[in-house]
Each structure stands twice: as structure tokens, then as C-alpha cells.
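To start, the structure under review is shown below, and the notes come after it.
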Amino acid sequence: MKPSLPAQPNHIAILRLSALGDACNLVPTVRALQRQWPNARITWIIGKGEHSLLAGLSGVEFVVYDKSTGLSGMRAIWRELADTRFDVLLHMQQAIRASVLSLGLKANVRVGYDKARAKDAQHWFTQHQLAPHANAHVLESFMDFARLLGVEDDRLEWNLAVPTVAYEEARAISGDAPYLVINPCSNARLRNFRNWSVEGYASVIEHAWVQHGLKSVLTGGGSPLEREMGDHIEALCQSGSVINAIGGTSLKGVLALIDNARAVIAPDTGPAHMGNAMGTPTLGLYATTNPQRAAPYLWRDFAVNAYPDAVRTYLHKSVDEVSWGQRVRHADAMDLIKADDVIAKLDALLAHTAAQTTTGPSDES
């Protein structure tokens with residue numbers, strides 16, 4: 001017999017290891033659970049890098065799993081939690097690695113995705129599945145877990161922890177002049193074609209500098225690809241218009257940079273959702289993934305959306321003919337995004353947020 005969902009959970013486990021953007025999108029679900037049951041303990045089993053981003057999140061106990069440790073790392077977590085039984089385990093990672101990790105956790109009931117959204121046969125590892133939710137944004141898919149437990153107050157709240165030292169780090173990089181944050185690269189993964197062109201970014205930086213008086217701060221990890229791309233962008237730009245901080249910041253430092261920026265520009269990668277979480281206007285660049293599913297949630301209307309063109313050009317179908325999570329895995333797809341389109345969206349985003357500053361913030365943000 002299938003166990004019942006708890007009406008008043010005392011200890012909730014969240015299993016979501018990666019990635020940075022998904023971790024940001026999950027935080028509103030944590031806040032909704034906390035509003036519903038303020039006395040409940042919440043333990044989040046999370047990846048190492050994601051923890052460095054969210055460390056200090058109020059009311060959350062983190063258990064950190066380093067994916068590089070493999071099965072031995074899982075065993076260490078099982079030993080750490082050997083005496084802990086959760087009232088409910090929210091299995092929010094659609095990957096076999098996370099499902100294997102879940103096997104060593106003690107929980108009265110396990111909740112996972114419905115079959116349409118589950119991957120790697122995740123539904124075999126859970127006892128309750130979400131109700132179907134066609135064409136859901138990633139953030140909404142996470143919130144569906146709270147709704148299944150009976151949470152009705154699903155308003156969005158983040159309140160990420162950013163220490164003073166991170167703001168000091170950010171100011172040392174940016175100085176006092178107004179600026180944009182541009183994170184030009186996504187994570188390097190097999191056939192993960194999400195990066196836009198060097199020339200495109202340089203054109204946008206030139207426009208922001210000349211037309212809006214905004215410097216651009218480049219952020220990103222320290223991989224050779226990211227450093228090389230940053231150097232190439234910088235070489236095409238006017239002196240003083242760009243600050244290349246790629247490989248030179250902590251994740252908390254990037255949060256602080258984003259918090260004080262006029263806007264963020266990024267492809268489908270973590271800093272786009274970090275901008276969304278910090279309430280900073282965010283312009284996402286999308287061709288290989290569907291922005292209706294994955295763009296910064298509060299700023300979907302300002303995403304540059306070349307996804308329908310990419311589906312038509314490289315998959316020879318319409319968006320309605322492909323699955324909701326379908327990616328376009330073609331190296332040239334991001335070239336469908338034109339600099340003029342990004343510049344027009346940036347102008348609209350800056351004008352929109354300037355008007356909001358004058359009239360007051362909207363209820364949604």
C-alpha cells in the first residue's frame with residue numbers, strides 16, 4: 001500500500017544536486033514550504049558548487065555531495081544521515097545518480113516527477129508522483145512539489161545570502177560606475193551549444209557603452225574556453241568599456257556583482273537565473289533551448305528567442321511538433337541570434353526597468 005503524504009511534516013528532505021540555475025529556481029519552493037510549516041526542518045542534499053552559491057540560505061540545513069567522489073561520497077552521506085528519517089523526501093533530480101543516492105536515505109514517503117517529466121526511470125524510485133503539468137517552466141515544476149504537499153501560498157521569494165565580503169569583492173572589480181554583467185559562456189558539456197558569438201557580445205558592449213554609459217563586467221569560470229572567449233571579447237571593445245573578471249570571482253562575488261548591476265545578459269546558464277533570483281533585470285539568449293521552459297522566470301518577456309527558428313532550421317519541425325524539453329544540438333544554432341535583436345531587447349529592458357523605478361516595483365517581483 002502506498003504511504004500517505006504527511007499533513008504536518010516535521011522534517012523535509014530535498015534532493016537536488018545540480019545545477020546552479022536549477023538551484024536558484026528551487027529556492028522559491030523552499031520558501032513556500034517554510035511559510036506553510038515554519039517549524040519544519042528542511043535538509044537539502046546538494047552539489048558542491050551549488051552549495052557554495054546558496055550557503056547561508058536561512059532555515060536550511062545542507063548536506064553536500066561532491067559528484068567527483070562517486071559511490072564513496074554517497075556512502076559518506078548515508079553514514080552521515082544513518083540516524084535520520086525524513087517525513088518526506090522530495091526527489092527533484094531527474095538523473096540516475098541522484099536516484100541511486102536516494103536509495104540510502106530513510107524517508108516515510110518519496111515524491112518524484114510524473115512520468116512525462118521524469119527521466120532515467122525516476123518514477124521507479126518514488127511512491128508519489130506529481131500531477132501532470134504540461135509545458136511547465138523549470139521553476140513551476142519545482143513548485144509543483146510544494147503544491148502536492150498542500151502548499152497554497154506559492155508566491156515567489158528568494159532572499160539569498162550574500163555576505164559583506166562578497167560586496168567588497170564585487171566593488172573592487174566594478175568600481176562605482178553603473179554597469180551590466182555579461183556572462184558569455186555556459187558550462188562546457190558534450191554537444192551543449194549554448195554560447196553566442198564574440199562579435200555579438202562586442203557589439204552589445206559597444207552599444208551599452210555609447211548609448212547608455214554602461215560598462216560591461218564579464219563573468220564566468222576559469223576554464224580555458226571561458227578565459228579565451230573573454231579575452232577575444234575584450235580585444236574587440238573600446239578601452240574602458242569592459243572589465244574582464246572571468247575566472248576572477250567567487251560565486252558569492254558574482255551574486256554581489258549581479259545585485260548591483262543595471263542588468264544581466266547571459267545564455268542558458270546559471271548567472272541568468274542568479275540575476276532572476278537577485279531581482280536584477282535579466283536578458284537571456286536562447287536558440288538551443290526553449291525559453292518558455294528555461295528562461296529567467298520573471299524576465300521571460302525579455303529573452304531573445306531564436307528557438308523556433310532553430311527548431312525549424314535544424315530539426316525541420318515547428319515548436320509544436322517537438323517535445324517540451326527538446327534541445328537543438330547544432331553548433332550553428334546560436335548564430336541565429338543577431339546583435340540587433342539583443343540590442344533592441346536590452347534597450348527595451350532598460351527602459352522598462354527605468355519606468356518601474358519611477359512608478360514603483362510590480363507585485364510579481
Side-chain angles (χ1 to χ4, degrees), residues 19 21 180-211 216-221 223-238 241-242 244 246 263-273 275 281-296 299-350:
L180 304 175
V181 165
I182 297 180
N183 196 99
C185 292
S186 66
N187 289 337
R189 297 177 184 171
L190 181 64
R191 301 183 68 230
N192 183 36
F193 304 114
R194 302 184 190 180
N195 293 343
W196 195 37
S197 67
V198 167
E199 295 78 11
Y201 282 119
S203 296
V204 174
I205 290 168
E206 173 80 5
H207 177 81
W209 178 247
V210 172
Q211 298 299 322
S216 293
V217 178
L218 304 181
T219 61
S223 70
L225 173 63
E226 290 171 284
R227 290 181 185 275
E228 181 180 2
M229 189 165 187
D231 290 343
H232 287 170
I233 293 171
E234 186 178 16
L236 293 178
C237 296
Q238 290 187 45
S241 66
V242 63
N244 187 356
I246 291 176
V264 176
I265 302 175
D268 185 14
T269 191
H273 302 287
T282 303
L283 194 168
L285 308 178
Y286 289 82
T288 63
T289 51
N290 187 345
Q292 295 303 312
R293 178 183 179 274
W299 306 98
R300 284 168 289 172
D301 290 345
F302 293 96
V304 175
N305 183 11
Y307 180 70
D309 290 342
V311 170
R312 182 170 53 254
T313 302
Y314 299 109
L315 301 182
H316 309 294
K317 296 180 179 180
S318 70
V319 170
D320 293 338
E321 293 176 302
V322 299
S323 64
W324 183 241
Q326 177 71 54
R327 295 183 181 178
V328 180
R329 299 189 182 278
H330 195 285
D332 298 331
M334 289 293 285
D335 291 338
L336 295 171
I337 295 175
K338 305 305 179 187
D340 286 347
D341 297 331
V342 181
I343 287 168
K345 285 286 188 179
L346 176 61
D347 288 346
L349 180 61
L350 294 174

Do the side chains of I246 and D231 get nearer than 4.5 Å, heavy atoms only?
-> no
Report yes or no: does [X] contribute a side-chain atom to a donor-acceptor pair with the main-chain N or O of [Y] at less than 3.5 Å?
{"X": "R194", "Y": "D268", "result": "yes"}
{"X": "E321", "Y": "S318", "result": "yes"}
{"X": "S203", "Y": "E199", "result": "yes"}
{"X": "N183", "Y": "C185", "result": "yes"}
{"X": "K338", "Y": "G200", "result": "no"}
{"X": "D332", "Y": "M334", "result": "no"}
{"X": "S241", "Y": "Q238", "result": "yes"}

Output, in order, the C-alpha distance, side-chain angles, deciding distance and verdict of side chain to side chain donor-acceptor pair (under 3.5 Å) for E226 and S223.
-> CA-CA 5 Å; E226 290 171 284; S223 70; 2.8 Å; yes
Have S197 and D335 got a donor and an acceptor in their side chains that come within less than 3.5 Å?
-> no
Derivation and outcome, side chain to side chain contact (heavy atoms under 4.5 Å, CB included), residues L336 and Y307 = CA-CA 9 Å; L336 295 171; Y307 180 70; over 6 Å; no
Report the relative orientation of the aromatic rings in Y314 and H330; use parallel for angles under 30°, tilted for 30 to 60°, perpendicular for over 60°.
-> parallel
Report the residues that fulfil side-chain hydrogen bond (donor to acceptor under 3.5 Å, both in side chains) with Q211, sequence neighbours left out, ordered by chain and then residue number.
-> none
Closest non-hydrogen atom pair, A263 against L349 | CB-CD2, 4.2 Å
